[in-house]
Amino acid sequence: MIKRILYSLMFALLLSGCYNSQDARERVLKIYNWADYIDESVLEDFKAYYKEETGEDIRIVYQTFDINEIMLTKIERGHEDFDVVCPSEYIIERMLKKDLLLPIDTTFGNTPNYIKDVAPYIREEINKLSQPGRKASDYAVAYMWGTAGILYNTKYVPEEDAETWACLWDAKYAGKILMKESYRDAYGTAIIYAHAKELEEGSITVEDLMNDYSPRAMEIAEEYLKAMKPNIAGWEADFGKEMMTKNKAWINMTWSGDAVWAIEEAEAVGVELDYVVPKEGSNIWYDGWVIPKYARNRKAASYFINYMCRSDIALRNMDEIGYVSAIATPEILEEKIDETLDYYSDLSYLFGPEADSVQVDRIQYPDKSVVERCAMIRDFGDKTEEVLAIWSRIKGDNLGVGITILIFASVAVMSGWIIYKRYKKYKRRQGASARSRARRKTRLR
């Protein structure tokens, strides 16, 4: 096991290192992605694939980021020559507005175009980000997507409480609630809950609400967030799922992929968690691959994006990170069917009419009825600073003693935590493979 961990760490260091100045830049592919957001073996396999398809060797320089805006600043102000990056939808929109993207080539010689396998529904969503003269799907290919919702401990929180955003404002859960360190999701959640009655009546939509940055809307969002704040134990970027698996928190406003991870980890230690998208509606988000303006290897970047859209590669990445690929092929649907589930979902919006009643994990693949009450939060544009100011006033500096101690402790053991995460990722891969084999056996019976 130690050998595997050391190999994994050495592999990451090699991938993230600087390329030799003697290497021709057209033989180097620089990738900038979210941390823990890919099956690392895919990177190595891509080099062999690229050699086979083009006859050319390629070296990969792989780096990671944790905040969209940091990635954007490096490109916009630092003119970093990353060839492929993976921003969220609102940053894709901002990059299109600022003319910071190059179109993705879809001509690959004898290589099939796998990009066309992105679900038409998701492609349409991405195209909402288009700018005059620039169709978004020509510049961005969706990678992973998901929802924002409530991860909750079923022992302490009944489902009827978790299925409404009202639980975040319920004083009986004070000190047991964690919120994502995300001003966009916080704003969207508050403005949705503030208009729960109008949403139920159908007089307004989630999309209209979450993308309303009028003075009155911002005033309402701030008012509701201030009312919620006394209940919040901490604002978290990543430690929330760990707190939930250890019974330290009972409710976590989080993303579906993190929920999948937490539910599996909690089950192993006898803690029962579940996840639901509140009935009022929520944010549905998309991350996608793009080629920045200052890229110096557009050819390899386009090949890489195409490779990531292959069904088998998409499945490997999904099994590794817990999120859901934008690729919607029969092969992926077949692999994700789980006949041990006692419910059926309508996934016709994603896989087509034949998928209107299938047994697939409802957290990873939300039912059509859930998707219909969700919407994408667009770029705040010139209102970003005002929304950030609200967030700053809400969050303040008082995280609470327990959370502060936890954060310092986390920093102190960061080196060991990295190794631990590598090991857990390896175990999840093993578990995912076993579950896949079991599902296949079930279907064969």
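None of the values given here were measured: they were computed from a predicted structure.
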Say whether Ser41 and Arg316, considering side chains only, have a donor N or O and an acceptor N or O under 3.5 Å apart.
yes
If you define the side chain from C-beta out and look only at heavy atoms, does anything of Tyr173 sit under 4.5 Å from Val157?
yes
Heavy-atom distance under 4.5 Å between the side chains of Lys336 and Val324, does that happen here?
no
For residues Phe46 and Leu29, determine if any side-chain heavy atom of one lies less than 4.5 Å from a side-chain heavy atom of the other.
yes
Might you confirm whether atom CG of Leu388 has over 12 heavy atoms from other residues, nucleotides or ligands at distances under 6.0 Å?
yes
Return the CD to CG distance between Glu320 and Asp39, rounded to the nearest 0.5 Å.
5.0 Å
Do Asn127 and Ser137 have side-chain N/O donor and acceptor atoms under 3.5 Å apart?
yes
Below 4.0 angstrom, N of the basic side chain to O of the carboxylate: do Lys180 and Asp258 qualify?
yes
Tyr213 vs Tyr187 aromatic rings, parallel, tilted or perpendicular, using cut-offs 30° and 60°?
tilted
Okay, side chain of Arg298, backbone of Pro103: is any donor-acceptor separation there less than 3.5 Å?
yes
Taking all non-hydrogen atoms of both residues into account, name the closest pair between Cys374 and Ile284 and its distance.
CB-CB, 3.9 Å
Is it the case that the side chain of Asn306 and the backbone of Tyr114 share a donor-acceptor pair, with hydrogens and angles ignored and the cut-off at 3.5 Å?
yes
For the atom pair OG (Ser325) and CG (Leu315), what is the distance rounded to the nearest 0.5 Å?
7.5 Å
Keeping Asp356 on the side-chain end and Ser348 on the backbone end, is there a donor-acceptor pair under 3.5 Å?
no
The single option from Tyr286, Trp289, Tyr307 passing ring-ring contact (aromatic ring centres under 6.0 Å, His included) against Tyr143:
Trp289
List the atom of Gly281, the atom of Trp165, and the distance in Å for their closest heavy-atom pair.
O-NE1, 2.8 Å
Taking atom NZ of Lys299 as the centre, does the number of heavy atoms from other residues, nucleotides or ligands within less than 6.0 Å exceed 12?
yes
Asp379/Lys97 ion pair, N-O < 4.0 Å
yes
When you compare the side chains of Thr329 and Glu331, does any donor N or O come within less than 3.5 Å of an acceptor on the partner?
yes
Side-chain donor or acceptor of Ser88 paired with backbone N/O of Ile91 under 3.5 Å:
no
Are Leu100 and Pro292 packed together at the side-chain level, in the sense that at least one heavy-atom pair is separated by less than 4.5 angstrom?
no
One should read off an interatomic distance between Leu168 CG and Ile150 CD1, to the nearest 0.5 angstrom, of 4.5 Å
For a quick test of reading the model, state the closest non-hydrogen atom pair linking Val28 to Ile58 and the distance between them.
N-CD1, 3.8 Å
Please determine whether side chain to side chain contact (heavy atoms under 4.5 Å, CB included) holds for the pair Arg25 and Asp81, giving the CA-CA distance in whole Å, both sets of side-chain angles, and the decisive distance to 0.1 Å.
CA-CA 10 Å; Arg25 185 59 177 85; Asp81 63 334; 3.0 Å; yes
is_close_aromatic(Tyr32, Phe65), centroid dist under 6.0 Å
yes
Give the minimum heavy-atom separation between Glu181 and Ala237, together with the two atoms involved.
CB-N, 4.0 Å
Roughly how far, to the nearest 0.5 Å, is the CD atom of Glu335 from the CG atom of Asp312?
11.0 Å
Just so I know, are the side chains of Gln364 and Val260 near enough to count as touching, which here means a heavy-atom distance under 4.5 Å?
yes
Glu242 and Trp261: side-chain donor and acceptor closer than 3.5 Å?
no
Is a donor from one side chain sitting under 3.5 angstrom from an acceptor on the other, for Tyr37 and Asp287?
yes
Note: Arg362-Asp274 ion pair, threshold 4.0 Å (strictly below):
yes
Output, in order, the C-alpha distance, side-chain angles, deciding distance and verdict of side chain to side chain contact (heavy atoms under 4.5 Å, CB included) for Tyr121 and Val371.
CA-CA 11 Å; Tyr121 159 76; Val371 170; 3.0 Å; yes
Please confirm whether Lys30 makes a cation-pi placement over Phe82, using NZ or CZ under 6.0 Å from the six-membered ring centre and within 45° of the ring normal.
yes
Shortest non-hydrogen pair, Ser256 vs Trp285, comes out as OG-CZ2, 4.5 Å
Just by distance, do the side chain of Arg378 and the backbone of Glu207 share a donor-acceptor pair under 3.5 Å?
no
Taking the six-membered ring for Trp, is the centroid-to-centroid distance between Trp255 and Trp145 below 6.0 Å?
no
Between Val290 and Val85, is any pair of side-chain heavy atoms under 4.5 Å apart?
yes
Is the shortest distance from a Lys or Arg side-chain nitrogen in Lys197 or Glu200 to a carboxylate oxygen in the other one below 4.0 Å?
no
Is it true that Tyr343 and Asp367 share a donor-acceptor pair across their side chains at a distance under 3.5 Å?
no
Which heavy atom of Ala136 sits nearest a heavy atom of Ile126, and at what distance?
CB-O, 3.1 Å
Stepwise, does the ring-ring contact (aromatic ring centres under 6.0 Å, His included) test hold for Phe380 with Tyr90?
CA-CA 8 Å; Phe380 289 160; Tyr90 74 103; 7.6 Å; no
Closer than 3.5 angstrom, by distance alone: can the side chain of Arg373 be matched with the main-chain N or O of Ser282 as a donor-acceptor pair?
no
Under-4.0 Å salt bridge between Lys47 and Asp57
no
Could you please spell out the steps behind the side chain to side chain contact (heavy atoms under 4.5 Å, CB included) verdict for Met95 and Leu72?
CA-CA 8 Å; Met95 294 178 87; Leu72 179 60; 3.6 Å; yes
Any side-chain heavy-atom pair of Leu273 and Tyr152 under 4.5 Å
no
With distance as the sole test, does Asn283 use its side chain to make a donor-acceptor pair with the main-chain N or O of Met376 at under 3.5 Å?
no
Pair Asn33, Thr64: side-chain N/O donor-acceptor within cut-off below 3.5 Å
no
Any donor-acceptor N/O pair, Trp34 side chain to Cys86 backbone, under 3.5 Å
yes
Is the count of non-hydrogen atoms from other residues, nucleotides or ligands lying under 6.0 Å from Lys155 atom NZ greater than 12?
no
Quick one: do Asp170 and Lys176 make a salt bridge, cutoff under 4.0 Å?
no
Any side-chain heavy atom of Leu333 sitting closer than 4.5 Å to one from Pro330?
no
Might you confirm whether atom CD of Glu56 has over 12 heavy atoms from other residues, nucleotides or ligands at distances under 6.0 Å?
yes
Please check: side-chain N/O of Trp169 versus main-chain N/O of Tyr224, any donor-acceptor pairing under 3.5 Å?
yes
Start with the C-alpha gap between Asn247 and Tyr156, add the side-chain angles, then the distance that decides, and say whether side chain to side chain contact (heavy atoms under 4.5 Å, CB included) holds.
CA-CA 10 Å; Asn247 273 330; Tyr156 303 105; 4.0 Å; yes
Using a distance-only test with no angle check, is there a side-chain donor-acceptor pair under 3.5 angstrom linking Thr111 and Glu53?
yes
Side-chain donor or acceptor of Gln131 paired with backbone N/O of Leu129 under 3.5 Å:
yes
Quick one: do Lys98 and Glu93 make a salt bridge, cutoff under 4.0 Å?
no
Around atom CD of Glu198, are there more than 12 heavy atoms from other residues, nucleotides or ligands closer than 6.0 Å?
yes
